[in-house]
Number of protein chains: 2
Amino acid sequence: MSYQYNYPHPAVTTDVVLFGLIDECLKVLLVRRARPPFANHWALPGGFLDIDEDLEDCALRELEEETGVSGVYLEQLYTFGKPGRDPRERVISVAYYALVPATDIEIRAASDARAVRWFAYRDLPELAFDHVDIIHKAQQRVSSKLDYSTIALKFMPEKFTLGELQSVYECILDERLDKRNFRKRLRTYDCLTDTGEVRRNGGHRPARLYRAKSPDTVQIVK
Amino acid sequence: MSYQYNYPHPAVTTDVVLFGLIDECLKVLLVRRARPPFANHWALPGGFLDIDEDLEDCALRELEEETGVSGVYLEQLYTFGKPGRDPRERVISVAYYALVPATDIEIRAASDARAVRWFAYRDLPELAFDHVDIIHKAQQRVSSKLDYSTIALKFMPEKFTLGELQSVYECILDERLDKRNFRKRLRTYDCLTDTGEVRRNGGHRPARLYRAKSPDTVQIVK
DNA sequence: CTACTTAGTGTAAAACTTACACTTAAACAT
DNA sequence: ATGTTTAAGTGTAAGTTTTACACTAAGTAG
């Protein structure tokens, strides 16, 4: 089968920067490429757009196919399209990012990717294409969104403690926060409900467990 | 000439939302489409990406070809790609926006656009494709950037008064601002230099003329 | 020379942000 | 059982930022 056009057309792909927090450390989910170009290099999950497929659906599908991760909430990040970024042909890549509660996520190596792994954001391997730029831009976006939205809740499992949530902020912003000020701020956002439960977690007072009031929406605050 | 691919490829276009302020009113530059689809409808300037052309260069080139406007500072807005948004074929459009000092700008109707005109943002005609969505998203972006950057200076000619700059903010935010607080805020941004000149402008005290300290960069403040 | 118009300026109250320290409740060691 | 260790949980005072607000200055027009 072959498709013809009167003018040359670029290829369009989507790529997904999936962030998770594991061991108090910001991680990115990468797949190892099975084929050239950049065979055996690590890369963002992503791939070519089907001709009748919405961009976001493409991102979700490729993520699912290559990593087994599904049902995440994506936001469009930026579109990367410099000529030469893919040696095969001109490729325009619409990048998305997502935040997941890493411990909830089941990953698997799927058909067209030899392996799937979390990498520390601060210790990335050599990456295919311009994916390192995409990841840096996504990290910046997430950092700045922490400050004016409730996006951090996307990292959390269904129930979590305030200490855990604070440590999410601290990992991404890479600075320590004051516990009382942090809690005061969350109170003004009014984005949590107390489940009434507690978590017993070692030799100290148990922490209350909270749940996001609206886990499906990212609220803009300030 | 014909180009063949093993898989169907979407077309890629860029569109530009060019904002200007005329008569204390936010305007958008539109071109009237000469051919189908949407012949005679107004649309954003934009068009198909050349296969070796950078996305931003494409946006600048199309803007120049269709309106005669050149040398503006573009920022990428969002990529629109819903299937069906163009009846001819699948089209992914990377949208950009720019702000210009409207009075400085020379517009002309060029080859493949029958006419070029400023339209009030609050009184847009019926638009081709999903261009109305693109314009609204651009307006939101500009509004929110007013609050944390010096992007408003992009609307200003080389020399301008503080009253003129304030009225730019007021038009876009659609609210009145306090003159003293506005000036205090600008002082903290430290983005203006006093030219020493004044503008005599009717039956009242002349206003000092200022110039942007770094007219080529948009400074992020706060 | 009077009336009118926009330019230009400071201060006090309110709101928000920051810095900071002790008590509580569990686990663990003795 | 008792004391020690650990993280959880809580309020207040100082500092900073934001807001509200009114008069004088320097021109033009009649």
Side-chain angles (χ1 to χ4, degrees), chain A residues 21 23-25 143-144 146-150 152 156-157 159-171 173-211 219-222, chain B residues 21 23-25 143-144 146-150 152 156-157 159-171 173-211 219-222:
Chain A
L21 275 157
D23 305 329
E24 317 253 297
C25 175
S143 268
S144 76
L146 273 200
D147 246 27
Y148 66 89
S149 79
T150 58
M156 307 313 288
K159 297 171 190 179
F160 52 88
T161 69
L162 294 181
E164 288 162 358
L165 183 57
Q166 181 172 345
S167 112
V168 165
Y169 276 80
E170 290 177 340
C171 288
L173 299 175
D174 202 23
E175 60 175 325
R176 302 238 41 196
L177 301 176
D178 179 88
K179 197 184 352 173
R180 281 178 289 190
N181 294 340
F182 179 75
R183 288 165 187 234
K184 206 186 305 175
R185 194 171 129 201
L186 282 175
R187 230 172 291 133
T188 71
Y189 294 172
D190 188 35
C191 59
L192 301 181
T193 45
D194 188 336
T195 62
E197 298 162 65
V198 295
R199 169 173 302 153
R200 234 164 289 269
N201 199 23
H204 54 82
R205 178 173 177 174
R208 298 174 117 84
L209 285 167
Y210 292 84
R211 182 201 316 276
Q219 182 190 155
I220 305 297
V221 289
K222 272 184 184 172
Chain B
L21 275 156
D23 306 329
E24 319 254 293
C25 174
S143 268
S144 74
L146 274 199
D147 246 28
Y148 65 91
S149 79
T150 58
M156 307 314 288
K159 297 171 189 176
F160 52 88
T161 69
L162 295 180
E164 287 161 358
L165 183 57
Q166 181 172 344
S167 112
V168 165
Y169 276 80
E170 290 175 340
C171 287
L173 299 175
D174 201 23
E175 60 175 326
R176 303 238 41 197
L177 301 175
D178 178 89
K179 196 183 355 173
R180 279 178 291 191
N181 293 339
F182 179 76
R183 285 162 189 235
K184 205 184 305 173
R185 194 170 127 201
L186 282 176
R187 230 171 289 133
T188 70
Y189 294 172
D190 187 38
C191 60
L192 301 181
T193 43
D194 188 335
T195 62
E197 299 161 66
V198 295
R199 170 173 300 154
R200 235 163 288 268
N201 197 23
H204 55 83
R205 177 173 178 173
R208 297 173 119 84
L209 286 167
Y210 292 84
R211 184 198 317 275
Q219 182 191 154
I220 303 297
V221 291
K222 272 182 185 176

Pairs under 3.5 angstrom, nitrogen or oxygen only, protein versus nucleotides 23-25 of chain C, please.
unit_1 : atom_1 : unit_2   : atom_2 : d
C/dT24 : O4'    : A/Arg205 : NH1    : 3.4
C/dT24 : O2     : A/Arg205 : NH1    : 3.4
C/dA25 : N3     : A/Arg205 : N      : 2.9

Name every residue in residues 180-190 of chain A that has at least one heavy atom under 4.0 Å from any atom of DNA chain C, in order of residue number, or write none if there are no such residues.
-> A/Arg180, A/Asn181, A/Lys184

Can you tell if the side chain of A/Arg180 reaches within under 4.5 Å of the side chain of A/Arg183, non-hydrogen atoms only?
-> no

When the nearest nucleotide of DNA chain D is assigned to A/Leu162 and to B/Gly202 on a heavy-atom basis, which residue is associated with the more 5' position?
-> A/Leu162

Within this structure, what is the [atom1]-to-[atom2] distance between [X] and [N], rounded to whole angstrom?
X: B/Lys179; N: D/dA25; atom1: NZ; atom2: C1'; answer: 11 Å
X: B/Arg199; N: C/dG8; atom1: CZ; atom2: P; answer: 11 Å
X: B/Asp178; N: C/dT11; atom1: CG; atom2: C1'; answer: 13 Å
X: B/Lys222; N: C/dC16; atom1: NZ; atom2: C1'; answer: 13 Å
X: B/Tyr148; N: D/dT17; atom1: OH; atom2: P; answer: 21 Å
X: B/Asn201; N: D/dA29; atom1: CG; atom2: P; answer: 11 Å

Decide if atom CZ of A/Arg208 counts as having more than 12 heavy atoms of other residues, nucleotides or ligands within a radius under 6.0 Å.
-> no

Donor-acceptor contact below 3.5 Å, side chain A/Gln166 vs main chain A/Leu177 = yes

Do the side chain of A/Thr195 and the main chain of A/Leu209 share a donor and acceptor less than 3.5 angstrom apart?
-> yes

Looking only at non-hydrogen atoms, find the nearest pair between B/Ser149 and B/Val221 and report the distance.
-> N-CG2, 3.6 Å

Please name the pair of heavy atoms, one in A/Val198 and one in A/Arg200, separated by the smallest distance, quoted to 0.1 Å.
-> CG2-NH2, 3.8 Å

Yes or no on side-chain contact (heavy atoms from CB on, under 4.5 Å) for A/Asn201 and A/Thr161, after CA distance, side-chain angles and deciding distance?
-> CA-CA 11 Å; A/Asn201 199 23; A/Thr161 69; over 6 Å; no

Rounding to 0.5 Å, atoms CD (A/Glu164) and CD (A/Glu24) come to a distance of 9.0 Å

